[in-house]
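Here the structure is laid out as structure tokens; the discussion comes afterwards.
Chain identifiers are assigned alphabetically (A, B, ...) following the order of the sequence lines, protein sequences preceding nucleic acid strands; residue numbering begins at 1 within each chain.
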2 protein chains.
Amino acid sequence: MPDLTQSSVHNRLLAKLCPEDFDLLQRSLEPVTLNRGDVLITPHQPIEHVHFLEAGITSIIANTAGGRRIEIGLTGRDGLAGTPVLLGVDSTPHETFMQIGGSGLRIETERLRQAIRQSSSLHSLLLRYVQAFTIQTSHTALSNGSHRIEERLARWLLMCHDRVDGDDLALTHEFIALMLGVRRASVTEALNILEEREIIQANRGNVVVLDRLRLEETAGDSYGVPEAEYERLIGSFR
Amino acid sequence: MPDLTQSSVHNRLLAKLCPEDFDLLQRSLEPVTLNRGDVLITPHQPIEHVHFLEAGITSIIANTAGGRRIEIGLTGRDGLAGTPVLLGVDSTPHETFMQIGGSGLRIETERLRQAIRQSSSLHSLLLRYVQAFTIQTSHTALSNGSHRIEERLARWLLMCHDRVDGDDLALTHEFIALMLGVRRASVTEALNILEEREIIQANRGNVVVLDRLRLEETAGDSYGVPEAEYERLIGSFR
DNA sequence: CGGCAAATGTGCGGTACCGTACATTTGTCG
DNA sequence: CGACAAATGTACGGTACCGCACATTTGCCG
């Protein structure tokens with residue numbers, strides 16, 4: 001494997017580690033390409049690897065026996081896929097898959113376990129990320145319960161935009177609808193409104209953020225709390 | 001302080017500790033009475049104590065700048081108030097308060113920090129609880145986004161019922177409405193339907209669970225996943 | 001026991017969103 | 001280039017829930 005240097009890493013967590021902690025992981029990190037749709041964690045199956053994302057976005061999905069599905073959080077290079085491992089748990093009822101393709105550095109679950117046993121500063125940073133992610137999930141719960149679709153859509157686009165280079169988001173209405181747990185037609189309508197206001201530009205399978213500031217205005221108070229908490233606990237997204 | 005023995009403790013987490021870990025905490029645990037409305041964690045303020053609940057229920061509430069409030073999880077003797085401490089974080093944007101009065105054993109944050117540094121088996125159990133609680137929050141997000149009020153109400157009553165002795169829940173419609181993030185009138189209506197079916201009996205400021213099985217039927221697939229996960233990770237509620 | 005606030009019942013118009021269905025556009029691939 | 005599927009636009013009636021307002025009941029306290 002070619003040398004992996006900390007300064008060339010895009011993942012915010014890996015970049016934030018002290019050099020000793022990075023060295024502890026470095027040999028075990030394996031670069032992987034992650035295509036849209038790739039399943040990183042299957043419900044109720046042992047988590048084989050933890051993925052530190054370098055590019056792209058994962059969705060974490062909760063589902064019911066009745067087949068209801070909804071996104072409860074997302075992660076890009078701000079974090080990792082496999083938080084249960086950090087809490088000493090081997091599997092979860094949730095699914096994690098690539099929402100927007102990219103790449104990552106993966107580590108075998110058992111090796112990460114060894115590393116966090118050896119370094120409390122490593123464990124500590126990763127647990128702080130778990131806390132930040134928990135706040136994100138909580139605000140998804142809040143938003144699902146008390147915001148209109150337009151606000152929720154704006155929040156969701158902002159969260160994706162935060163985690164991507166540039167302003168293009170390769171997303172279909174159908175997919176967004178699944179994430180938000182609403183009708184596809186409702187998404188179409190809400191996107192059209194945003195497009196009329198020239199806040200976004202929607203092409204087939206693609207959404208371009210034109211005016212981020214006004215997108216934030218549209219999101220209102222549905223956006224911001226988890227992001228501020230991430231900055232406080234981990235540092236800047238970028 | 002009179003001796004506190006592990007066998008006399010009702011809290012599920014404390015009861016589950018190995019005797020050595022319990023001894024580690026025992027001297028630092030201080031019994032407290034917790035009245036309805038007592039605030040255990042104030043948003044953005046340092047968490048002074050972690051509370052292991054012996055009786056009663058706490059609500060964890062997310063709120064927005066715009067004043068929106070909604071419950072994102074609840075805890076009784078199945079858990080503790082102060083999960084951020086276990087993740088190495090000193091404060092949170094969420095509020096935690098007593099929803100139903102009771103009692104608990106509290107420990108100073110710093111002392112708990114010392115203890116989890118000393119005992120990895122202690123830390124491990126408490127982190128597994130964090131994971132179980134995370135699943136609860138996730139399913140609150142799911143439920144808020146995809147279930148009707150009647151189902152959400154049923155789920156919520158079941159979650160309270162799980163954490164209380166007997167079948168009485170001291171709750172007003174107004175309060176339930178706040179927790180679910182809906183109109184008070186909607187709660188009144190939904191409760192009346194449940195009462196007509198003789199699933200519950202509602203008196204002023206009080207709800208009695210008459211037929212738990214049919215309450216579970218009413219909740220449908222909104223209830224169950226987090227509870228199963230708690231059992232897998234920690235053990236039985238009771 | 002009478003008065004008062006808290007809790008509950010109820011009604012009305014409005015709207016956000018649903019389920020469903022179907023037409024139209026757009027990129028892709030033989 | 002023509003066919004085909006995927007993606008998007010749009011329309012319809014239906015319903016769950018909202019915001020608001022007001023009446024009624026209930027326990028409590030002076």
Side-chain angles (χ1 to χ4, degrees), chain A residues 36-37 64 66-70 99-101 142-157 168-197 200-208 218-220 222, chain B residues 36-37 64 66-70 99-101 142-157 168-197 200-208 218-220 222:
Chain A
R36 155 180 310 200
T64 68
R68 284 271 184 191
R69 288 167 63 82
I70 203 165
Q99 170 193 125
I100 292 183
L142 192 165
S143 204
N144 289 354
S146 52
H147 291 294
R148 287 173 313 114
I149 286 186
E150 192 180 313
E151 295 165 301
R152 288 172 58 196
L153 173 63
R155 168 179 190 249
W156 193 79
L157 290 175
D168 282 35
L169 305 170
L171 302 161
T172 65
H173 301 187
E174 186 78 50
F175 181 79
I176 299 174
L178 198 67
M179 293 303 99
L180 298 180
V182 300
R183 265 189 334 157
R184 197 264 313 158
S186 301
V187 172
T188 302
E189 201 177 355
L191 281 172
N192 287 343
I193 292 171
L194 292 179
E195 187 159 27
E196 271 169 35
R197 296 196 207 136
I200 63 161
Q201 188 201 315
N203 307 316
R204 165 174 256 240
N206 198 61
V207 175
V208 190
T218 307
S222 76
Chain B
R36 157 182 307 203
T64 67
R68 285 273 184 187
R69 288 166 64 80
I70 203 165
Q99 170 192 125
I100 292 182
L142 192 164
S143 204
N144 290 353
S146 51
H147 291 294
R148 287 174 311 114
I149 287 186
E150 192 178 313
E151 294 166 301
R152 289 172 57 196
L153 173 64
R155 169 179 188 246
W156 193 79
L157 291 174
D168 281 36
L169 305 170
L171 302 162
T172 64
H173 300 187
E174 186 78 50
F175 180 80
I176 298 173
L178 199 67
M179 295 301 99
L180 299 181
V182 300
R183 270 189 327 159
R184 196 266 310 157
S186 300
V187 172
T188 302
E189 202 176 355
L191 281 172
N192 286 344
I193 291 171
L194 292 180
E195 187 159 26
E196 270 169 34
R197 294 194 208 138
I200 62 161
Q201 186 199 317
N203 307 315
R204 165 173 256 240
N206 199 61
V207 175
V208 190
T218 307
S222 76

>> Rounded to whole Å, please give me the gap between CG in B/Leu171 and C1' in C/dT8.
In response: 15 Å
> With a 4.0 Å cut-off on heavy atoms, is B/Arg183 in touch with a base, just the backbone sugar-phosphate, or nothing at all?
Replying inline: base
> So does B/Glu189 have more than 12 non-hydrogen atoms from other groups sitting under 6.0 Å from CD?
Replying inline: no
> Of all the nucleotides listed (C/dC18, D/dC18, C/dT8), which has the minimum atom distance to the side chain of B/Thr188?
Replying inline: C/dT8
> Counting side-chain heavy atoms from C-beta on, which of D/dA7, C/dG9, C/dC17 comes nearest to A/Arg148?
Replying inline: C/dC17
>> Can you build the contact string for nucleotides 24-30 of chain D? Use B for base contact, S for sugar-phosphate-only contact, and - for no protein heavy atom under 4.0 Å.
In response: -BBS---
> Could you state the CG-C1' distance from A/Asn144 to C/dC17, rounded to the nearest angstrom?
Replying inline: 14 Å
>> What is the separation between atom NE2 on B/His147 and atom C1' on D/dT15, rounded to the nearest whole Å?
In response: 18 Å
> What's the shortest heavy-atom distance between A/Ala190 and A/Leu153, and which atoms?
Replying inline: CB-CD2, 3.6 Å
> So, for A/Arg36 and A/Ala170, which heavy atoms are closest and what is the spacing to 0.1 Å?
Replying inline: NH2-O, 2.6 Å
>> Rounded to whole Å, please give me the gap between CZ in B/Arg36 and P in C/dA7.
In response: 9 Å
> Which pair of heavy atoms, one from B/Ala202 and one from B/Glu195, lies closest together, and at what distance?
Replying inline: N-OE2, 3.0 Å
>> With a cut-off of less than 4.0 Å, is there a side-chain N or O of B/Ser186 near OP1 or OP2 of D/dC18?
In response: yes
>> For A/Glu150 and B/Asn192, find the nucleotide of DNA chain C closest to each by heavy atoms; which residue's nucleotide sits nearer the 5' end?
In response: B/Asn192
> How many Å lie between CD1 on B/Ile176 and P on C/dA6, as a whole number?
Replying inline: 18 Å
> B/Glu195 CD to C/dT8 C1': how many Å, rounded?
Replying inline: 11 Å
> Looking at B/Glu151 and A/Arg68, does any basic side-chain N land under 4.0 Å from a carboxylate oxygen?
Replying inline: no
>> Rounded to whole Å, how long is the line connecting atom CD of B/Glu151 with atom P of D/dA16?
In response: 11 Å
>> Which heavy atom of B/Ser186 sits nearest to which heavy atom of B/Ile149, and what is that distance?
In response: CB-CD1, 3.6 Å
> Could you give the CG-to-C1' distance, from A/Leu153 to C/dA16, as a whole number of Å?
Replying inline: 15 Å
> Atom CD in A/Glu174, atom CE in A/Met179: separation rounded to 0.5 Å?
Replying inline: 10.5 Å
> Checking only heavy atoms, does the side chain of A/Arg184 share a donor-acceptor pair with the base of D/dG9 at less than 3.5 Å?
Replying inline: yes
>> What's B/Ala185 touching, base or sugar-phosphate or nothing? Going by heavy atoms closer than 4.0 Å.
In response: base
